[in-house]
Number of protein chains: 2
Amino acid sequence: MSVTMRDVAAEAGVTPVVVSRVLHNKAQAVRVSDKTAERVREAAIKLGYNCNVWARNFRSQETFTIGVLHGVGFSRPMFDRGSRYFASLMDGIVEGAFRHGYSVNLCPRLLGQHPESAISDGRFDGLVWYSNNYTAENRAMLLQCPVPLVLIHAPEQMFEGKFSTVICDNHQGIGLAIEHLVHLGHRQISFIYEGDQPSLESQIRIEAFKRQMAERSLPVSETSILRTGWGGEGLDEYLSSRHLHTAIIANNEWLASEILLRAPRLGVRVPEDISVVGFDSTAYCNELQPKLTAIFQPLVALGNSAIDLLVDTIKADAPTPRHLVIPCGFDIRNSTQPINSE
Amino acid sequence: MSVTMRDVAAEAGVTPVVVSRVLHNKAQAVRVSDKTAERVREAAIKLGYNCNVWARNFRSQETFTIGVLHGVGFSRPMFDRGSRYFASLMDGIVEGAFRHGYSVNLCPRLLGQHPESAISDGRFDGLVWYSNNYTAENRAMLLQCPVPLVLIHAPEQMFEGKFSTVICDNHQGIGLAIEHLVHLGHRQISFIYEGDQPSLESQIRIEAFKRQMAERSLPVSETSILRTGWGGEGLDEYLSSRHLHTAIIANNEWLASEILLRAPRLGVRVPEDISVVGFDSTAYCNELQPKLTAIFQPLVALGNSAIDLLVDTIKADAPTPRHLVIPCGFDIRNSTQPINSE
DNA sequence: GTGAAAGCGCTAACAC
DNA sequence: GTGTTAGCGCTTTCAC
């Protein structure tokens, strides 16, 4: 079907090996006469030869492809609407990969319900994991992963430091939010997460929240940490209850958006009755009403750095895992205001 | 390094061929005794064997990978901020690809300055082109493309119908916008595009605009079609001039956002002084101030359908190019209002 | 029922 | 300088 090295070799009257040497700059290493080289080049052009990278990579057992992996039970990430969380992360991953000459592959099996088999099926030089859904199932899968792997959103201790990790500085980020709220006069502040159990990173944030509150002698109790279902179940009850909090920090933009959506229906005004702070601070915050004040998670940088670490791991013979913590920022928009400022 | 078929064969005391047959459901076609099959399966599990898909695909000369291609001179598309144009398109492409069991590959060479060589380097079963930057250079590249290719945003006639195409119904979409504006009392309407020359699709829209205006006996002249530079150059002059238009249709969201951004600085109010309609209508419209009324381009559907057509092309021996036109929608937000309604 | 041979397109190692 | 051999991991074909 398409022109191979053999065809070029035949045309030039040499063997494929010579063609390989001429066309891939090894001419100096293994000497080929100028005349032959010229003949080969002409033949290649004449036949419109194009090196089959797939075959070449197969031979060298490299794919120059990075796979994006997420946990069992997740549905395919979407770019189109809602938080730009995944969009930002992907921008970082793609940018990093391109910088190192790698492709990024979105694979139906890797992003499907059973990534296990696709993980080490030879198509990926390395993998990036971005979920923080560390179920026993997922832990087992990652631990057995025979391919270079970097974990985004995982702390250093994860898997005894076996893998390189990147994570934002949750403690500092939560601190920024509390500092902002305190500055506005808030003292009764809560943190809310979604799901049955707090995810690993939610746990980290909860701990950070407690410490940062305690350090400022702000009240923390059982009721400071709130939980809602995957669909926001329980939010209405909380909002319409006579809770004490004047401000709430949500674990992510989706959760914050649910609060912003439900509050007015229940006669609760944001930010007049309650200030809301989100997490991530992608451009999506500007779509919300009111625009969402949020802790900025440096997702592009996380993706970017993850690839740096991954390429390190791929290239090194005996890689030493590295662990990056990237500072958060804070973007003030319209969902927070001074207490009693009505 | 990793466990191969050979290893399993050795463990089970058979040849790799038998392993291949047992493990890939060909047991019925070429009979293998139950006992042998069982032994092979046990060996595979014992050794933790995982079929190397890369090698298998290499052998069958398929990659099950679709590449995303854009024109020379474009920079890498971003998901993170601005219009969600590319995000929506990718959602459709990924969704379609996954539905057919294909991976989507973002390749630095394919999305770089010189895609030519990467186009047919063996790594892609098919390609999706989404640019409408049909320079001579790009036309030549596409025409020579030896790999199945589908063009998004291209009309049927493109390349004499050689490739399958998907495009939104620009004529109908522009009609929806004009209808909406007319309904609000506007008669002096302009269309604006960006760049030195109108892109192919801009040309289509310009023609659609002229026809749709003429059909309603609305005024169209030289000055109805406006042009700005790639950075919005000329917009300020237009906005601060004593133009006659009461409404303007922008070729895309970026261009509309530039108008929304610049107008207030020049003392022009949107929509009081001029109504603005955008094109694409991604979630980004909700980030703008005022929220942008826009013609909805079904980008997810375009991406989705492009993959259907592409897989058709890949699978068929002698594919017949097909040409899809997908209707637009219209989303009324806050950047348009009745004329003289102040 | 099972195995031997051959080859996808390319290149490293070694011969001459 | 150039060619021969061999092999990446897999599967199709054909022989037994």
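Residue numbers start from 1 in every chain, and the chains themselves are labelled A, B, ... in the order their sequence lines are given, proteins ahead of strands. Please read all numbers here as calculations on a predicted model, not as lab measurements.
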Given DNA chain C, 5'-ward residue of the pair B:V14 and A:A55, judged by closest heavy atom: B:V14
On DNA chain C, check which nucleotide each of B:G13 and A:V19 is closest to and give me the residue with the more 5' one. B:G13
Counting only side-chain heavy atoms from C-beta out, which of [options] sits nearest to [X]?
X	options	result
A:R21	D:dA6, D:dC14, C:dA13	C:dA13
A:S20	C:dT11, C:dC8, D:dG3	C:dT11
A:S33	C:dT11, C:dT2, D:dG1	D:dG1
B:V32	C:dG9, C:dC8, C:dT2	C:dT2
B:V17	D:dT13, C:dT11, C:dT2	D:dT13
A:Q61	D:dC8, D:dT12, C:dG9	D:dC8
B:T4	C:dG3, D:dG9, C:dG1	D:dG9

[X] [atom1] to [N] [atom2], straight-line distance once rounded to whole Å:
X	N	atom1	atom2	answer
A:H24	C:dG9	NE2	P	15 Å
A:E62	C:dA12	CD	C1'	14 Å
B:R39	C:dT2	CZ	C1'	11 Å
B:N52	D:dC10	CG	C1'	8 Å
B:R6	D:dG7	CZ	P	8 Å
B:M5	D:dC8	CE	P	14 Å
B:R59	C:dA6	CZ	C1'	8 Å
A:F58	D:dC8	CZ	P	8 Å

Indicate whether the side chain of [X] and that of [Y] have a donor and an acceptor atom separated by less than 3.5 Å.
X	Y	answer
B:N304	B:E95	yes
A:H100	A:D308	yes
B:N105	B:T65	no

What nucleic acid atoms does A:T36 come within less than 4.0 Å of, heavy atoms only: base, sugar-phosphate, or nothing? sugar-phosphate
Ring-face cation of A:R84 near A:F79 (centre distance under 6.0 Å, axis angle within 45°): no
Please determine whether a side-chain nitrogen or oxygen atom of A:Y49 lies at a distance below 4.0 Å from atom OP1 or OP2 of C:dG9. no
How long is the gap from OG1 on A:T63 to CG on A:D125, to the nearest 0.5 Å? 3.5 Å
